[in-house]
Amino acid sequence: MDAPNQLEQLDELMACRLDDTRKALEPCSIVIFGASGDLTARKLIPALYHLFRERQMPVNFRVIGFARREKSDASFREELRAALDQFSRTKPVDEKVWADFSARIHYCLGEFGDAAAYARLEKLLSSFGSEQLRRNLLCYLATSPSQFGEVAENLERAGLVHKEQQKQFWQRIVVEKPFGHDLASAQALNNELTRHAHERQVFRIDHYLGKETVQNILMFRFSNSIFEQLWTRSSVDHVQITVGEKLGVGGRGGYYEEAGAMRDMVQNHLLQVLSLIAMEPPVSLEAESVRDEKVKLLKSIRPIRSADVAKQVVRGQYFAGLVDGQPRNGYRQETKVKTDSNVETYVALKLFIDNWRWSGVPFYLRTGKSLPLSASEVRVQFRPTPNVLFAAQGGGHLDPNSLTLRLQPNEGITLHFNGKVPGTSLQLRPVRMHFSYDAEFGAYTPEAYERLLLEAMAGDATLFIRRDEVETAWSFVDPIRAAWESRALTNREFYSAGTWGPMAAEELLAQGGHVWHDPRPAK
Ligand code: BG6
């Protein structure tokens, strides 16, 4: 065996397994409400198929699609099979695996408000001939949020979901964003859901938490002493979080007109990434300990008062331009978008976290559509060296050290520091130490939904959003949105499709002597 191979094997031996004590998943039925929609075909069934293929599903399980359109088990399976051909992350679909998997898929026709439909569902579940398949239920609400309450109420009434804790069986309700459109509506939704199910039974999905690299933020921070020691105001100058998307709003104009980037991305995905980057170490790896720390962090973000919105937050909207050399319509020309829409397709903001660790350190967050690249990363920039020795001679040009966590694509972590350019002249330049997931572990990156469905079946809520997290996030973004409501966009808030956002976003950082570091394309 050659030396590198030996080393690899040694590294593998040293892998520290954290889930050895985890119990095997109990048999259960997964009931998808609103199963004729896109989410089932694109995400849920491909995820369940892969879990099954990789022998991660419980020994016994059923998947039931519950929806309004007339279908038989056979026609439902056929549709899903066609979708799988299109959306599966591995191709071709394994015929044998599909045959075994699809035999466990059923369809239940029904309106969400019709008690008789839930009676039919109950009958179907009972027909599986196993108490666990009848009583352990993962109810996935792939419906519009306005139907969450109705479905939860009917599930409870039909005796399918029990709010009080049971010894042997469990029922959980999984919901997707948008979870409300402001604090008041999120509270109303939470009240409706928790009238029929206990908070510990409600699993709110933010698919960013299912991403490998987002999960790795906690492991990276709390299993490496060298970085954690630097993770404070005494070493960190500022932090930049960028979630860029090359796509425009495409066919989702109708939804986007109601949402905008603040509701669509900042309230959830960006604040979630921020909370993992900046939270304190939890007292244990239990879901509640981790979520307690995330909420504490969200609560310590200094609110941005209306008077400060213009100073700390930039919104933008793309006009026609070129993305990858191809013409792209402006947002106002997209289908179902008003021709004078003021909805933001871009947000950049500067925030402060008022706690002991981060006092005075600016956090810059930005996200946008029709940007030059689809790339998400967190850049932690460390303080510059004192202005003596090399820094003094370089006239302020010495690059400060930074650490970039690349969340997607080309997942990895890069440390930037300065090195001497070899040769007789005295020259320093930034060099990089790079860890790539792909190079280290191969290209296996399971879809976020695979991990999330697995965790929901296991009853581990760590990767799901708790009620107080959602509500705290809304309390932060609501005043910003309110300040925008009465103001039309000004010229400096527009950006050409295919650029990194409006000029105003550059100016936001320039005030603090900083510049955005744009993610780089893969080499
Ligand atoms: C969704 C938003 O939650 O996240 C979309 O509604 C956005 O507008 C998407 O495109 C981004 O997710 P990802 O996984 O592609 O980064």
Side-chain angles (χ1 to χ4, degrees), residues 37-39 42-44 46-47 87 89 140-145 174-181 186 203-217 241-277 315-318 323 328 331 334-337 341 343-347 365-378 405-412 437 445-453 463-465 469-470 473-474 477 481 497 501 519 521-522:
D38 229 26
L39 185 72
R42 273 175 187 271
K43 298 287 183 189
L44 302 182
F87 301 117
R89 70 173 163 82
Y140 202 111
L141 274 43
T143 68
S144 129
V174 183
V175 292
E176 283 271 342
K177 73 177 259 267
F179 205 81
H181 53 269
F203 285 60
R204 297 177 193 79
I205 286 197
D206 180 316
H207 79 281
Y208 265 58
L209 294 185
K211 292 181 191 270
E212 278 288 329
T213 42
V214 174
Q215 286 167 37
N216 192 31
I217 296 174
I241 301 179
T242 300
V243 176
E245 290 186 275
K246 194 149 76 172
L247 287 177
V249 296
R252 295 169 76 219
Y255 155 76
Y256 208 78
E257 278 284 276
E258 298 298 316
M262 190 61 120
R263 286 179 170 136
D264 188 45
M265 298 294 289
V266 178
Q267 187 271 345
N268 35 75
H269 309 323
L270 273 91
L271 289 182
Q272 282 298 320
V273 172
L274 169 74
S275 63
L276 294 173
I277 287 288
R315 60 177 171 166
Q317 189 189 87
Y318 60 89
V323 180
R328 166 80 48 90
Y331 175 68
E334 303 273 22
T335 342
K336 298 201 185 145
V337 170
S341 173
V343 166
E344 77 287 354
T345 59
Y346 178 98
V347 175
L365 276 53
R366 65 173 167 169
T367 182
K369 301 244 184 231
S370 289
L371 301 188
L373 269 188
S374 286
S376 304
E377 62 184 42
V378 179
L405 310 185
R406 178 87 172 206
L407 305 180
Q408 62 184 23
N410 316 316
E411 292 82 357
Y437 276 82
T445 38
E447 263 280 318
Y449 277 91
E450 291 171 35
R451 180 67 193 265
L452 293 172
L453 283 163
L463 300 181
F464 297 84
I465 315 292
E469 275 181 85
V470 179
W474 279 120
V477 305
R481 294 205 64 270

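Note that the structure is predicted; figures quoted are calculated from it, not measured. Both ligands and their constituent atoms are indexed starting at 1 by order of listing.
When each of Lys43, Arg42, Arg89 is checked for a salt bridge (charged side-chain N to carboxylate O under 4.0 Å, His left out) with Glu447, only Lys43 meets the rule.
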With side chain to side chain contact (heavy atoms under 4.5 Å, CB included) as the criterion, how do Glu176 and Leu39 come out once you've worked through the C-alpha distance, each side chain's angles and the decisive distance to 0.1 Å? CA-CA 10 Å; Glu176 283 271 342; Leu39 185 72; 3.8 Å; yes

One pair to check against side chain to side chain contact (heavy atoms under 4.5 Å, CB included): Val477 and Met262. What are the steps and the verdict? CA-CA 7 Å; Val477 305; Met262 190 61 120; 4.0 Å; yes

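Distance OG1/Thr213 to CG/Asn410: 11.0 Å, rounded to 0.5 Å.
At the shortest separation from atom 15 (O) of ligand 1 among protein heavy atoms lies Gln408 NE2, 4.4 Å. The single protein non-hydrogen atom nearest to atom 16 (O) of ligand 1 is Tyr208 OH, 2.5 Å, given as residue, atom name and distance. Among all protein heavy atoms, the one lying closest to atom 5 (C) of ligand 1 is Arg252 NH1, 3.3 Å. Nearest protein neighbour of atom 14 (O) of ligand 1, counting heavy atoms only, is Lys211 NZ, 2.5 Å. The nearest heavy-atom contact from the protein to atom 7 (C) of ligand 1 is Glu245 OE2, 3.4 Å. Considering only non-hydrogen protein atoms, atom 12 (O) of ligand 1 sits nearest to His207 NE2, 3.1 Å. Considering only non-hydrogen protein atoms, atom 6 (O) of ligand 1 sits nearest to Asp264 OD1, 2.6 Å.
The Lys177 neighbourhood of ligand 1 comprises atoms 1 (C), 2 (C), 3 (O), 6 (O), with distances under 4.0 Å to a heavy atom of that residue. The ligand atoms of ligand 1 that sit less than 4.0 angstrom from a heavy atom of Lys369 are 5 (C), 7 (C), 8 (O), 10 (O). Within ligand 1, the atoms closer than 4.0 Å to a non-hydrogen atom of His269 are 1 (C), 3 (O), 4 (O), numbered from 1 in the order shown.
Polar contact with ligand 1: absent for Tyr256 (N/O pair, distance under 3.5 Å).
Using modelled atom types, one side-chain atom of Arg263 and one backbone atom of His181 make a donor-acceptor pair closer than 3.5 Å. Between the Glu450 side chain and the Ala47 main chain, no donor and acceptor come within less than 3.5 Å of each other.
Taking the ring centre of Phe179 as origin, the terminal cationic atom of Lys177 falls outside the region bounded by 6.0 Å and 45° from the ring axis.
Contact of the Val273 side chain with the Ile217 side chain is registered, since non-hydrogen atoms from C-beta on lie closer than 4.5 Å.
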